[in-house]
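What's counted below: heavy atoms across the whole structure, side chains too, no hydrogens, waters or symmetry copies.
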Amino acid sequence: MRVVRLSSEIDFDGWRAAARRLRAEGVAPDTVIWTTEPDLFSPPPCGEGAGGGGVGSELAIGLPSTTAPAPPPLPARGRGFTVPPAFVDLARSVILHRSGERFALLYRLLWRLEREPRLIDNPADPDVARAHDMQKAVARAIHKMHAFARFRLVETEPETYAAWFEPAHRVTEAAAPFFARRFTNMTWTILTPDACVAWDGASLKVSEGADPADAPSEDAQEELWRTYYASIFNPARLNERMMRQEMPKRYWRNLPEARLIPQLVETAQARAAAMVAAAPSPPPDRVLKATLRHARDGSYNGDLPTSLDEVAAAVQVCRRCDLWRNCTQAVPGQGAAHAPLMFVGEQPGDHEDLAGLPFVGPAGQVFDAALQEAGAPRDRAFVTNAVKHFKHEPRGKRRIHKTPDRGEVQACRWWLDAERRLVRPRVIVALGATAAMALTGKATSVGDNRGRPFQLPDQAQLVVTYHPSFLLRLPDADARERARAEFVGDLRLAGELARLID
């Protein structure tokens, strides 16, 4: 038996160098034992949880897939062979998994790749499937760390923050560059049982893991955060199953808002019913008069709305098509008055028709989660739809979505153009083919046009991507993951073009 001792649990370079040598010498996978042995000169442990940490190795800030140093050459008697880049990317992720079999699994795949060069493309192979499952689990752990790490003020002079987090896998160093980009002007430390990362405004330093006793205590800002969280919690958008899936209870103990969740869930149904039953506030007489002047037959260059309030009031009495007849209410756009980024969906859904707000149903939750992952703040964007009324057909007690036709999209385009004219965004994101048609005036394939910006006549840039509901409809888990990653990438591109993401 051959015993390979790696310097740490995430020693990818060490594993790669050892695996190359073993493979060159013809050492079979079932004769290798992989183990880890910490370096005597490894970085010191984190400090008292304050934020300085110990001095350790520095992390480069940039793309996650930074090229590793070249491995040593193969022995002269060995015969080399190349592996696909996809395997290297897969191995980098799998190394971060907590499974004790990960090193052996990767070496077994490497061993087989020489005789099965297309192995990595076979999702039905048990080894490949297991590796991909690990890769997805690691990606989820990074996403959860990005979403649920909460910083607390631990020093005021200089102002320093710290966060305690317990990731499902060893992803602390992989997740750290995100925080450095997002909180560049802060001094902070993230403490985890595996490793600590500290940012001093210029570089990231890594040190050994911390003990839960080092976790920072609650600070005064958390009560303000709970007040904010309670105020933005929309009971009409609550999907408890999806909430627990996106925010597993294992993370609640480190979330200040978690103590509010049981009560908010318990009262959500009653609060949502009250929202639906409440009569809408009547628009001011001035707004109503302006509305009546152009709601029915105003032309593009006729009596134009002069504010988003006028648009919101006007769509409630719009009769440009027949969709108003079977709806609870029209749903105007919502968001910052002069947002640099505008999102255009297809039409309101059942939840939106009841609440009178865009993107508050299941698709809205997917949209919000993707926005958060992309780093694009929804509160600095304007969100609307190509069609302002919910087109549907009754099926029992349910109202089933129907896609608006070209005539309905064209009839409602006057309102969308009014919103565009008032908001004046730098970038517009078309969520789906209907939105793309409303913005361009012609049929536009999402698959052929997503991922690259186009120039619109008003000088705004257009980014075409999937509608969030498309992700919900995909039955295949792998396809859904790929589409979601593309969706998040498109939102990140739009945020960067709008200068909302550095």
Item checked: Any donor-acceptor N/O pair, Thr160 side chain to Pro158 backbone, under 3.5 Å -> yes
Item checked: Interatomic spacing from CH2 in Trp15 to CG in Leu106 - rounded to 0.5 Å -> 5.0 Å
Check: Do Phe359 and Phe367 have ring centres separated by under 6.0 Å?
Finding: yes
Check: Is the backbone N or O of Val387 less than 3.5 Å from a side-chain atom of Asn385, with the two atoms forming a donor-acceptor pair by type?
Finding: no
Notebook entry, point to check: Which atom pair, heavy atoms only, marks the closest approach of Leu191 to Ala162?
Noted result: CD1-CB, 4.0 Å
Margin query: I'd like to know if the side chain of Glu346 pairs up with that of His401 as donor and acceptor (distance under 3.5 Å, no hydrogens or angles considered).
Written below: yes
Margin query: So, taking the atom named CG in Leu341 and the one named CG in Leu371, what distance separates them when rounded to the nearest 0.5 Å?
Written below: 8.0 Å
Next item on the list: Compare all side-chain heavy atoms of Val32 with those of Val27 and state whether any distance is below 4.5 angstrom.
Entry: yes
Next item on the list: May I ask you to decide if Ala198's main-chain N or O and Trp188's side chain share a donor-acceptor pair within less than 3.5 Å?
Entry: no
Next item on the list: Output all residues satisfying side chain to side chain donor-acceptor pair (under 3.5 Å) with Asp211, sequence neighbours left out; order by chain, then residue number.
Entry: none
Checklist line | Backbone N/O of Lys442 and side chain of Thr444: donor-acceptor pair under 3.5 Å | finding: yes
Check: Less than 4.5 Å apart, any side-chain heavy atom of Met134 and any of Glu101?
Finding: yes
Notebook entry, point to check: Are side-chain heavy atoms of Leu456 and Gln459 found at a separation under 4.5 Å?
Noted result: no
Checklist line | Approximate separation, where rounding is to 0.5 Å, of Arg484 CZ and Leu472 CG | finding: 10.5 Å
Item checked: Sub-4.5 Å side-chain heavy-atom contact between Leu462 and Pro453 -> no
Item checked: Residue pair Phe487 / Leu471, side-chain heavy-atom distance below 4.5 Å -> yes
Check: So, Ser99 and His97: side-chain donor and acceptor under 3.5 Å apart, yes or no?
Finding: no
Checklist line | Contact summary for Ala381 and Phe343, nearest pair of heavy atoms | finding: CB-CE1, 3.8 Å
Note to self: Show me the pairs that pass salt bridge (Lys or Arg N to Asp or Glu O under 4.0 Å) and involve residues 454-473, at least two apart or across chains.
What the structure shows: Arg420-Asp458
Notebook entry, point to check: Going through the distances and angles, do Phe454 and Val463 end up as a side-chain contact (heavy atoms from CB on, under 4.5 Å)?
Noted result: CA-CA 7 Å; Phe454 300 88; Val463 174; over 6 Å; no
Notebook entry, point to check: Nearest 0.5 Å, what's the CG-CG distance between Leu416 and Leu439?
Noted result: 5.5 Å
Check: Out of curiosity, Gln135 CD to Arg140 CZ, how far, rounded to the nearest 0.5 Å?
Finding: 11.0 Å
Note to self: Tell me whether Arg102 is salt-bridged to Glu9, with the criterion being a basic N under 4.0 Å from an acidic carboxylate O.
What the structure shows: yes
Next item on the list: Would you check if Thr192 and Glu166 make a side-chain contact, meaning some heavy-atom pair closer than 4.5 Å?
Entry: no
Next item on the list: Could you tell me whether a side-chain N or O of Arg170 sits under 3.5 Å from a main-chain N or O of Leu96, the two making a donor and an acceptor?
Entry: no
Next item on the list: Measure across Pro340 and Leu500 and return the closest heavy-atom pair with its distance rounded to 0.1 Å.
Entry: CG-CD2, 3.7 Å
Item checked: Trace of the side-chain contact (heavy atoms from CB on, under 4.5 Å) decision for Ile190 with Phe151 -> CA-CA 8 Å; Ile190 300 177; Phe151 288 97; 3.8 Å; yes
Note to self: What I want to check is whether the side chains of Lys205 and Ser203 have a donor and an acceptor closer together than 3.5 Å.
What the structure shows: yes
Check: So do Ser207 and Cys196 actually touch side chain to side chain, heavy atoms under 4.5 Å?
Finding: yes
Checklist line | Donor-acceptor side-chain pairing of Ser7 and Asp11 below 3.5 angstrom | finding: yes
Checklist line | Contact summary for Asp194 and Pro167, nearest pair of heavy atoms | finding: OD2-CG, 3.9 Å
Margin query: Please determine whether a side-chain nitrogen of the Lys or Arg among Glu373 and Arg492 lies less than 4.0 Å from a carboxylate oxygen of the Asp or Glu.
Written below: no
Next item on the list: Measure from the ring center of Phe183 to the ring center of Tyr161 and say whether it is less than 6.0 Å.
Entry: no
Notebook entry, point to check: Any side-chain heavy atom of Tyr107 within less than 4.5 Å of one from Trp34?
Noted result: yes
Check: Under the 3.5 angstrom rule, does the side chain of Glu116 hit a backbone N or O of Trp111 as a donor-acceptor pair?
Finding: no
Checklist line | Minimum-distance pair of heavy atoms, taken over all atoms of Ala174 and Pro177 | finding: O-CD, 3.5 Å
Note to self: Against Asp125, only a single residue in Arg130, Arg108, Arg112 fulfils salt bridge (charged side-chain N to carboxylate O under 4.0 Å, His left out); can you say which?
What the structure shows: Arg112
Margin query: Using a 3.5 Å distance criterion without hydrogens, assess whether the side chain of Gln372 forms a donor-acceptor pair with backbone atoms of Ala369.
Written below: no
Checklist line | Leu497 vs Arg426, side-chain contact (heavy atoms from CB on, under 4.5 Å): CA-CA, chis, key distance, verdict | finding: CA-CA 8 Å; Leu497 292 173; Arg426 293 192 196 101; over 6 Å; no
Item checked: Side-chain (Arg98) to main-chain (Ala168) donor-acceptor, under 3.5 angstrom -> yes
Check: Quick one: side-chain contact (heavy atoms from CB on, under 4.5 Å) partners of Ala433, sequence neighbours excluded?
Finding: Val446
Check: In Å, rounded to the nearest 0.5 Å, how long is the span from OG of Ser93 to NE2 of His169?
Finding: 11.5 Å
Checklist line | Donor-acceptor contact below 3.5 Å, side chain Glu352 vs main chain Val360 | finding: yes
Notebook entry, point to check: Hey, does the side chain of Glu419 reach the backbone of Gly333 with a donor-acceptor pair shorter than 3.5 angstrom?
Noted result: yes
Checklist line | Check against side-chain contact (heavy atoms from CB on, under 4.5 Å), His146 and Phe179 | finding: CA-CA 8 Å; His146 289 168; Phe179 295 101; 3.9 Å; yes
Next item on the list: Please name the pair of heavy atoms, one in Thr36 and one in Ser8, separated by the smallest distance, quoted to 0.1 Å.
Entry: CG2-O, 3.4 Å
